[in-house]
Amino acid sequence: MSEIAAKILTRPRRRLIVSRLVPYLLLQALIVIVTVLGLRLLQPGDPEDFAVSDFSAREDGTMRAVRLPHFTASRYSLADPPLYTAAFTFWPGDAGSGWSVYLPRFSNAVEVAVNGVVVLDSRRDANANRPDRNTPQIAAIPSSLLRDGANDLTVRLFVWGPLKGFLDTVYVGPDAGLRPAYETRTLLFVTLPVVFSAWQSILAVILAIMWLMRRHEPVYGVLAVAMVLGVVQAFVPPPVPPATTSRLAAVLLASAPIESALIVVFGMLFFGWRWPRYGTLLFVPGLVVFVVGLIGGPPLPRILFLVLGIPTVGLCLFLMACVTAAAVVRRQDAASFTIGCAVTIVLVCWVQDMLTVLEIATNDRIFVSRLSYSAMLVAIGAGLTWRFARALNQVDSFAGQLVARVGEAEERLKASFAREEARARAAALANERTRLMRDLHDGLGGQLVSIVALSERGHEGATITEAARAALKDLRLVIDSMDDIGGDLMLALGSWRERATAQLRPHDIALDWRVATPQGLPLHPELRPWHVIQIVRILDEAVTNAVKHAEARHIAVSIETLDDDHGPYGVISVTDDGKGFALAGNGASAGQTARGLRNMRSRAARCGAVLDLSSDASGTRVRLQLPQRFPDSDAAAG
């Protein structure tokens with residue numbers, strides 16, 4: 001049953017793979033055809049009217065007639081190079097524009113002489129001697145060398161392997177007729193590779209920075225190293241024989257297969273596959289070329305590069321094509337399609353180069369795989385950068401969503417804070433209402449009860465009137481305490497001063513009001529009405545005691561701000577010149593005065609203030625030290 005179920009599940013998967021792979025392979029076949037046609041149609045042309053192709057070649061002491069293009073055997077010594085001799089006709093009528101000799105292709109270096117005088121030696125330009133560059137050469141022929149009619153032309157072809165020597169058709173004629181073809185080839189095979197290499201070096205720096213910032217993604221570092229190797233091959237000139245060392249040539253030759261192996265590593269990492277252990281074998285050919293090149297003589301690294309390096313490059317391209325095809329089947333994204341098409345183009349160009357090396361395409365000694373390979377590296381780098389940019393966009397989108405969610409949470413938090421603030425405000429109002437009700441109950445309520453009791457007992461009207469006035473005074477005190485004084489206790493004390501002055505006036509007692517410090521008392525933003533009531537009632541009790549019990553004739557009120565190590569605090573002092581009263585050891589008295597003093601201490605404690613009382617025959621002094629910060633709740637209740 002399980003096998004049947006497995007078959008049922010496998011069939012749709014196979015159909016899915018086939019439905020994706022077949023169109024992709026058809027697309028790659030179309031790319032192959034277009035690339036081949038492009039290589040044929042886009043091959044630059046030369047001015048055939050000025051072609052000199054019939055030469056006599058002297059090679060290994062033997063002279064024979066040859067027709068260019070011509071191949072010679074591989075050589076590793078510059079002694080006795082092949083010598084090509086020909087003749088061309090000079091027309092004096094075209095001397096105004098100057099004459100030049102133009103060589104579109106050759107391997108490895110040439111020395112051109114006209115009538116026995118050297119006019120061109122490409123060995124002075126190391127980059128021109130690389131067979132994979134297809135670098136053209138043009139040299140102006142001094143007019144003094146030209147003779148009317150027949151002129152001698154000799155070309156010495158220097159070959160140092162491993163490829164066979166190659167000399168394409170030589171063109172001699174007016175410079176104006178040869179220069180356009182030379183400039184076209186220079187643009188294709190000199191300028192364009194430099195542009196690609198410059199672009200490649202910039203991407204290498206960008207990828208290296210990305211890898212340094214994101215070490216957990218080695219794909220950036222692998223591609224950066226591959227691009228660095230490509231830039232080294234592009235800009236480091238190879239040594240020209242007879243060079244005493246072959247180390248630089250070994251490095252340059254070994255870099256190509258190593259670079260190809262790195263591209264396969266990049267493909268595996270980029271598409272999310274694990275790099276197999278045996279995959280390191282791809283680096284062995286490049287390392288062999290490098291090590292042997294450092295130890296052996298100059299011919300060895302070139303021979304090993306031809307035997308091991310070039311096939312390794314082809315193998316890596318084939319593996320990369322397989323990796324991208326599998327990625328297309330699995331991912332179906334633009335990056336895998338783009339890289340797969342680029343790999344196919346490079347693979348076709350590599351096959352084209354191999355046909356040229358094997359002389360199957362005899363007259364097409366143009367190597368294009370290096371140029372297309374640079375373009376592929378640039379395409380891969382651009383695709384990787386595009387993926388990085390897309391990841392940044394995703395991060396930005398996520399950050400935007402996160403900001404929106406944080407904003408929503410902030411709004412909810414603000415609403416919750418507003419509710420809590422309203423709840424706290426309601427609780428504070430309820431507490432304030434409770435305190436006021438208690439004060440009304442203890443003060444005004446008690447006085448009303450006293451008035452009722454006096455009326456029922458038949459007391460005189462003056463007594464009831466006095467009690468009613470006291471009740472009215474207490475009611476005004478509560479109402480005044482409800483005013484918003486902005487934490488400035490001096491405003492409340494000013495109202496109390498007016499009431500106290502009016503209270504003392506019938507008793508012919510003077511009130512000496514003195515503010516000792518300019519600021520009076522410190523501001524207390526936390527000051528609440530119930531704090532004001534407690535303080536004012538303490539002062540009322542002190543004045544009442546001075547009038548009723550001490551028989552004082554003069555009362556002084558002093559207000560000041562003191563400062564200590566913990567900050568400023570206010571002090572209110574009430575001093576009278578009465579007869580005083582006796583205090584117990586704990587600062588208390590007896591009878592009604594004792595109850596009043598207890599109330600004063602209790603009210604001071606509820607506000608967090610400290611009450612000091614002293615009395616003798618010269619009078620009584622009440623000192624109320626205010627707290628630096630009034631408590632939110634009843635401090636006496638804990």
| task | Given side-chain contact (heavy atoms from CB on, under 4.5 Å), test Leu282 with Ile258 step by step and report yes or no. | result | CA-CA 8 Å; Leu282 286 177; Ile258 293 177; over 6 Å; no

With a 4.5 Å cut-off on side-chain heavy atoms, are [Y] and [X] touching?
X      : Y      : value
Thr324 : Ser336 : no
Leu27  : Phe337 : yes
Gln28  : Cys341 : yes
Val543 : Ile509 : no
Gln503 : Thr544 : yes
Trp275 : Val222 : no
Tyr569 : Val610 : no
Arg20  : Val328 : no

Quick one: [atom1] on [X] to [atom2] on [Y], what's the gap to the nearest 0.5 Å?
X      : Y      : atom1 : atom2 : answer
His554 : Thr575 : NE2   : OG1   : 10.0 Å
Ile559 : Leu624 : CD1   : CG    : 11.0 Å
Asp577 : Thr620 : CG    : OG1   : 10.0 Å
Leu207 : Ile202 : CG    : CD1   : 12.0 Å
Leu281 : Leu287 : CG    : CG    : 11.0 Å
Thr344 : Leu317 : OG1   : CG    : 10.0 Å

| task | List the steps, then state whether salt bridge (Lys or Arg N to Asp or Glu O under 4.0 Å) holds for Arg405 with Glu408. | result | CA-CA 5 Å; Arg405 292 182 180 179; Glu408 294 175 358; over 6 Å; no

| request: Could you go through the side-chain contact (heavy atoms from CB on, under 4.5 Å) check for Arg499 and Val536 one step at a time? | output: CA-CA 11 Å; Arg499 292 197 301 273; Val536 170; 3.5 Å; yes

| request: Evaluate the side-chain contact (heavy atoms from CB on, under 4.5 Å) criterion for residues Asn599 and Arg537: first the C-alpha distance (whole Å), next the side-chain angles of each, then the deciding distance (0.1 Å), finally the verdict. | output: CA-CA 9 Å; Asn599 288 335; Arg537 283 184 171 168; over 6 Å; no

Taking all non-hydrogen atoms of both residues into account, name the closest pair between [X] and [Y] and its distance.
X      : Y      : answer
Leu521 : Leu489 : CD1-CD2, 3.8 Å
Val515 : Gly520 : CG1-CA, 3.6 Å
Phe235 : Val194 : CZ-O, 4.3 Å
Glu259 : Ala226 : OE2-O, 3.3 Å
Leu626 : Ala609 : CA-CB, 4.2 Å
Gln628 : Gly567 : NE2-O, 2.7 Å

Mark yes or no for whether [X], through its side chain, and [Y], through its backbone, hold a donor-acceptor pair below 3.5 Å.
X      : Y      : value
His531 : Pro631 : yes
Gln200 : Met227 : yes
Thr501 : Arg497 : yes
Thr517 : Thr561 : yes
Gln534 : Arg603 : no
Arg629 : His524 : no
Asn545 : Lys548 : no

Restricting to side chain to side chain donor-acceptor pair (under 3.5 Å), what partner residues turn up for [X], sequence neighbours left out?
X      : value
Ser260 : none
Asp540 : Trp496
Arg214 : His216, Glu217

| Is the number of heavy atoms from other residues, nucleotides or ligands within 6.0 Å of CG (Asn393) greater than 12? | yes

| query | Val343 and Val323: side-chain contact (heavy atoms from CB on, under 4.5 Å), yes or no, with the steps? | reply | CA-CA 10 Å; Val343 172; Val323 169; over 6 Å; no

| query | Arg623 and Ser573: side-chain donor and acceptor closer than 3.5 Å? | reply | no

